[in-house]
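Per chain, numbering begins at 1; letters A, B, ... match sequence-line order. Values below: all heavy atoms of this structure, side chains included; hydrogens, waters and symmetry mates excluded. Since the structure is predicted, the reported quantities are computational estimates derived from the model, not experimental observations.
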Protein chains: 2
Amino acid sequence: MAVTIKDVAKKAGVSPSTVSRVLSNHPRISRETTRKVKEIMEEMGYHSNIMARSLVSNKTYTLGMVLPRPAEELFQNQFFAENIRGITTQASRNGFDVLMTAGHSEQDELEAVTRLVKGRRVDGIILLQSRKNDPIIVFLKKEEFPFILIGHYGDDDILCVDNDNIQASFDATMHLISQGHERIGFVSGPPNLTVSQDRLEGYRKALAENGLRMLSEWIVEGEFLQESGYRAMSFFMNLPERPTALVVIDDIVTFGILRGLTELGFKVPQDLSLVSFNNITLAELSSPPLTSIDIGIYQLGYMASQLLIRQIQGDKPQLLRTIVPHRLFVRESSLNLKRNWS
Amino acid sequence: MAVTIKDVAKKAGVSPSTVSRVLSNHPRISRETTRKVKEIMEEMGYHSNIMARSLVSNKTYTLGMVLPRPAEELFQNQFFAENIRGITTQASRNGFDVLMTAGHSEQDELEAVTRLVKGRRVDGIILLQSRKNDPIIVFLKKEEFPFILIGHYGDDDILCVDNDNIQASFDATMHLISQGHERIGFVSGPPNLTVSQDRLEGYRKALAENGLRMLSEWIVEGEFLQESGYRAMSFFMNLPERPTALVVIDDIVTFGILRGLTELGFKVPQDLSLVSFNNITLAELSSPPLTSIDIGIYQLGYMASQLLIRQIQGDKPQLLRTIVPHRLFVRESSLNLKRNWS
DNA sequence: CTGAAAGCGCTTACAG
DNA sequence: CTGAAAGCGCTTACAG
């Protein structure tokens, strides 16, 4: 069996209480005792049993996270790895681990969260996505359990870290307008995600402020998948009056659009200019390189971890909503070369 | 406070022991009692405290995993998300969660694993990478703690799930040979990773079996980064006698090569044919599309989870080393078009 | 089929 | 500065 606090106590000639106090750096233990106990712990290879400690202290030093479902797979492949790295790195720095669980349906996910929360398995939950009327959020609020959302949830007063997606999308659209475009389309993601809604709003705002036409047929909804881009592309290119530029919800979707355009013999940016979001590594490498808005994925994760841990430790957050800044990277896919569309 | 087994017992008019037995589906409990207790658990919103349960049963139903360090970042971004999804999905199906921790140095990583193992925080460990003389593996073997390696570790008798990377690389090289190439180079990864060594070996074997020349200057080592590809490319293209085709350790590295070639005005596959590994989503989308060997990343994770859980549950594995099959996807980057190199 | 009791490895008032 | 004792929420022989 593993070495316990008792074994150490016996060998050191002190009580288990004392060993426990040494472990938690209790102030009223003599230097000499501390030194001796630590030496013996080292010698015996003692490691405190986390389950036991957590049972009595009611703290787990663990953050919980639910893996998004496969539907969002491609989007997540890019987003997710960076995000997780941010979350886990910051958690580790603060002595926290990250527990992942997966659900195959919305119901599964809720059950998984319930198990983690009610089973006192984690001290807080990080949500990677925000849907409309998310039952998980409803549950966590009801339980008053610490959690943080990457994204936001209506105007609700919950702790979250987010981009200003309205502004980001406004910026993306303005960039196209500044390149001389007047017919600009929008390729959106699943309409129940707040990120889709916000970016659509920013796009609309930019068009409105510039007195540009806003046709409903220039807005297409889809998934975070290449196929969605491909489909949107063929829809747009068959319109009698087609847009000359698109704002696209995600780089992956843009890759689908690009592929379709290449197959049909269209050129980017000459026939269609493109701006998208997320600035994944490969945005820069595609041909042409993609103009994309970097949303600071790593930082989103990092901040989420940080703020949640503070909340767990009882700090009152100054702001409920933390904004991670975005930045537009202009590349060839949106540069005003010789245009075919004039 | 949360509802405990005692609360349920009191309300149901039975002893805590009985409630516990209902919880674990003990066979000798009457239907009637079971029904009643379950009803009350439901009614009170009871969820068993995982820490307490795990303290006494000495089982955590958790698999541990150490996040690879940032050095391998880009490689991992692609690999990792798929892999984790495989691991977590299969773990969840079996009632296990996955605990992640991060280390910033080899020393950190070892400490993290020690903490998980000695602190009885997890029932088994999944290692995502195999280095030469990995101290973590040495530690786990010494502790006789259940673990599984994605990859392999020399010829050691440890549980692992792996590709046949020698054969895969042999296949990749043979494909180039079948396209008429005689001067074939190899862009490798970090030399201390077994995956680098195996793929190099497969490449050499194919050249040897076909009596092709094997110049040491046609082999370049690097990281799983675009920059490595870029550098390898400029090295190769400045050789007096340069290869006409390359086998490349990873798609990301190939993207770097592609970018460099494009900048210099070279064409793929005409000036240089390319085959690489991993077949990430974007391999298909690059221009030209990349020929790549799919190594079944999701399946690697899935199998690892499955086999580790079996091991934890005491099943003797039939085979220590499980091979996930690979498959070559031939695309334009290696097709024999009009060649410039003849 | 069910209960009382001991115990998993730790923490923490209470007392000295 | 340190120890004895109670207790965190559960499981599991032992006894009936």
Side-chain angles (χ1 to χ4, degrees), chain A residues 1-38 40-41 44-62 95 114-123, chain B residues 1-38 40-41 44-62 95 114-123:
Chain A
M1 274 318 298
V3 182
T4 74
I5 223 173
K6 276 191 187 170
D7 303 324
V8 174
K10 185 173 290 175
K11 190 145 181 180
V14 297
S15 75
S17 322
T18 301
V19 176
S20 171
R21 290 193 181 100
V22 169
L23 226 45
S24 56
N25 293 313
H26 191 100
R28 288 203 298 254
I29 296 287
S30 75
R31 292 199 162 284
E32 176 54 16
T33 308
T34 302
R35 196 197 52 69
K36 183 166 185 190
V37 168
K38 284 202 165 158
I40 289 180
M41 290 194 317
M44 301 180 76
Y46 172 78
H47 278 260
S48 116
N49 182 310
I50 301 167
M51 299 302 176
R53 179 195 288 241
S54 131
L55 177 58
V56 40
S57 67
N58 219 5
K59 285 174 204 140
T60 64
Y61 295 100
T62 305
T114 306
R115 191 171 48 81
L116 297 187
V117 169
K118 296 269 201 172
R120 303 269 150 205
R121 181 147 217 194
V122 299
D123 296 337
Chain B
M1 276 316 300
V3 181
T4 73
I5 223 174
K6 277 191 186 169
D7 304 323
V8 175
K10 185 174 290 175
K11 191 145 182 181
V14 298
S15 75
S17 322
T18 301
V19 176
S20 172
R21 290 192 181 102
V22 169
L23 226 44
S24 55
N25 292 313
H26 191 101
R28 288 203 298 254
I29 297 286
S30 75
R31 291 198 163 287
E32 176 54 17
T33 307
T34 302
R35 196 196 52 68
K36 183 166 184 189
V37 169
K38 284 200 166 156
I40 289 179
M41 289 195 316
M44 302 179 77
Y46 172 78
H47 279 259
S48 114
N49 181 310
I50 301 167
M51 300 301 175
R53 179 196 286 239
S54 132
L55 176 59
V56 40
S57 68
N58 219 5
K59 285 173 202 142
T60 64
Y61 295 100
T62 305
T114 306
R115 192 171 47 80
L116 297 187
V117 170
K118 295 269 200 173
R120 302 269 150 204
R121 180 148 218 193
V122 299
D123 296 336

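The distance from atom NE2 of His47(A) to atom P of dC10(C) is 12 Å, rounded to the nearest whole Å. Atom-to-atom, NZ of Lys6(A) to P of dA6(C) comes out at 14 Å; the value is rounded to the nearest Å. Spacing between atom NE2 of His26(A) and atom P of dT2(D) amounts to 10 Å, rounded to whole angstrom units. Rounded to whole Å, atom C1' of dC8(C) lies 13 Å from atom NZ of Lys59(B). In this structure, Arg35(B) atom CZ and dC1(C) atom P are separated by 16 Å, rounded to whole Å. Counting to the nearest Å, the P atom of dG7(C) and the CD1 atom of Ile5(A) are 18 Å from each other. dT11(D) atom C1' lies 13 Å from atom CG of Asn49(B), rounded to whole Å. Taking atom CG of residue Leu55(B) and atom P of nucleotide dT11(C), one finds them 12 Å apart after rounding to whole Å.
Distance from the side chain of Val56(B) is smallest for dC8(C) among the nucleotides dC8(C), dT2(D), dG9(C).
Counted by atom type alone, Thr18(A) and Ser15(A) present one or more donor-acceptor pairs between their side chains at under 3.5 Å. Under 3.5 Å, the side chains of Thr62(A) and Arg121(B) contain a donor-acceptor pair of N or O atoms.
Contact annotation: Arg21(B) side-chain N/O to dT2(C) OP1/OP2 distance is not under 4.0 Å. Contact annotation: Arg53(A) reaches the phosphate of dT11(C) (side-chain N/O to OP1 or OP2, under 4.0 Å). The side chain of Thr4(A) places no N or O atom within less than 4.0 Å of a non-bridging phosphate oxygen (OP1 or OP2) of dC8(C). Note on Ser30(A): a side-chain N or O is less than 4.0 Å away from OP1 or OP2 of dT2(D). The side chain of Ser24(B) places no N or O atom within less than 4.0 Å of a non-bridging phosphate oxygen (OP1 or OP2) of dT11(D).
If you take CE on Met41(B) and CD1 on Ile5(B), they are separated by 9.0 Å, rounding to the nearest 0.5 Å. Here OG1 of Thr34(B) is found 11.5 Å from CZ of Arg21(B). Values are rounded to the nearest 0.5 Å.
Rounded to whole Å, the separation between the C1' atoms of dT12(D) and dG16(D) comes to 16 Å. One P atom belongs to dC1(C), the other to dA5(C), and the distance between them is 24 Å to the nearest Å. Nucleotides dT11(D) and dA15(D) are separated by 22 Å at their P atoms, to the nearest Å.
Searching all strands for a Watson-Crick or G-U wobble partner of dG3(D) with both distances below 3.5 Å returns dC14(C).
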Original post:
What do the steps show when you test Leu23(B) against Arg53(B) for side chain to side chain contact (heavy atoms under 4.5 Å, CB included), and what is the final call?
Top reply: CA-CA 11 Å; Leu23(B) 226 44; Arg53(B) 179 196 286 239; 3.9 Å; yes

**OP:** Evaluate the criterion side chain to side chain contact (heavy atoms under 4.5 Å, CB included) for residue pair Asn49(B) and Leu55(A); output intermediate values, then yes/no.
**Re:** CA-CA 9 Å; Asn49(B) 181 310; Leu55(A) 177 58; 4.2 Å; yes

Subject >> Verdict with reasoning, Lys36(B) to Val14(B), per side chain to side chain contact (heavy atoms under 4.5 Å, CB included) >> reply: CA-CA 10 Å; Lys36(B) 183 166 184 189; Val14(B) 298; over 6 Å; no

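Contacts of Ser54(B) with the nucleic acid, taken as non-hydrogen atoms under 4.0 Å apart, are absent.
Near DNA chain D, meaning a heavy atom under 4.0 Å from it, residues 7-20 of chain A has Val14(A), Ser15(A), Ser17(A), Thr18(A) in order of number.
The backbone N or O of Thr60(A) sits less than 3.5 Å from a side-chain atom of Asp123(A), completing a donor-acceptor pair.
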